[in-house]
Each structure stands twice: as C-alpha cells, then as structure tokens.
Amino acid sequence: ITMPPGNLTYNISKAALKAYTEGLEHEFMQERMEGVGKLRAALLVPGWVNTSILLKAQQHKASQQGQDFAVSSVSFHEEKPASGAWMPSQVI
C-alpha cells in the first residue's frame, strides 16, 4: 500500500481498511473450512492518483498561518504529475 508522506490521516484510514479486510477474510476462511460459508473478502488498492488534494491542503494551511505559499513546494499534483501515476480523468 502506498503511504504518501505528509498525509497521516489518509495513511491511517487506508491501513485500518486493509487490516479490517484481512481480518474479515480470515473469519470467512474459517467458515469456508467448516463448510458453512462461501464468502470472501478482498481489498482493491488502486495505484497513486495525481490530484490537487495535497496542494489545496498546503495552500489552505499557509493561508491560515499568514505565510507565503510556493506551488513548487508540493512534490506532485495535477499540473506536476508523479511519474507513472494515474490522472483523475483516467480513474472511474
């Protein structure tokens, strides 16, 4: 799972969802082994998508603190995509 730096809340929620899915699959697996269940749990984790979420968050933070903001300080966003990452228009 990709954990972009500087986005603690997002990373924690993503890790929690992964742990929940793995636990759920373990419970389903036990039921399948006992012959009483057929369900499975899987987690689909798409690749990184270039969005302006981080850019906008850092702009807002700088504005609230009365500081100047340089767009170049954000490592990637829609106008400066990360190599190999998806663009929002490519994601359904």
Side-chain angles (χ1 to χ4, degrees):
I1 291 183
T2 302
M3 298 289 185
N7 203 339
L8 183 61
T9 305
Y10 173 78
N11 293 341
I12 290 170
S13 63
K14 197 171 183 181
L17 186 57
K18 180 181 183 287
Y20 175 76
T21 304
E22 290 173 355
L24 189 59
E25 172 56 22
H26 181 72
E27 290 182 16
F28 288 158
M29 180 183 62
Q30 288 176 328
E31 291 176 0
R32 290 192 308 269
M33 291 176 73
E34 294 167 0
V36 295
K38 296 181 180 180
L39 296 177
R40 296 190 69 100
L43 179 63
L44 175 62
V45 181
W48 181 258
V49 177
N50 282 301
T51 67
S52 293
I53 294 171
L54 182 59
L55 176 67
K56 290 175 184 175
Q58 290 187 2
Q59 282 175 327
H60 178 73
K61 183 178 177 181
S63 173
Q64 294 239 320
Q65 295 175 349
Q67 298 175 344
D68 291 332
F69 177 77
V71 174
S72 61
S73 68
V74 178
S75 53
F76 48 85
H77 49 82
E78 291 177 35
E79 301 300 318
K80 184 179 159 187
S83 177
W86 294 85
M87 295 302 291
S89 62
Q90 296 173 296
V91 180
I92 297 175

For Glu22, all residues meeting side chain to side chain donor-acceptor pair (under 3.5 Å), sequence neighbours excluded: Lys18

Would Phe69 and Val71 count as a side-chain contact (heavy atoms from CB on, under 4.5 Å) if you check the C-alpha gap in whole Å, the side-chain angles of each, and the deciding distance to 0.1 Å? CA-CA 6 Å; Phe69 177 77; Val71 174; 4.0 Å; yes

What pairs with Gln30 under side chain to side chain donor-acceptor pair (under 3.5 Å), at least two apart in sequence or on another chain? His26

Of all pairs that satisfy side chain to side chain donor-acceptor pair (under 3.5 Å), the ones with a partner from residues 53-63, not counting sequence neighbours: His60-Gln64

Verify the cluster assignment for Tyr20 and Met29: are they in a single hydrophobic cluster under the rule of side-chain heavy atoms below 4.5 Å apart? no

In residues 33-44, what donor-acceptor pairs under 3.5 Å come from side-chain atoms, sequence neighbours left out?
none

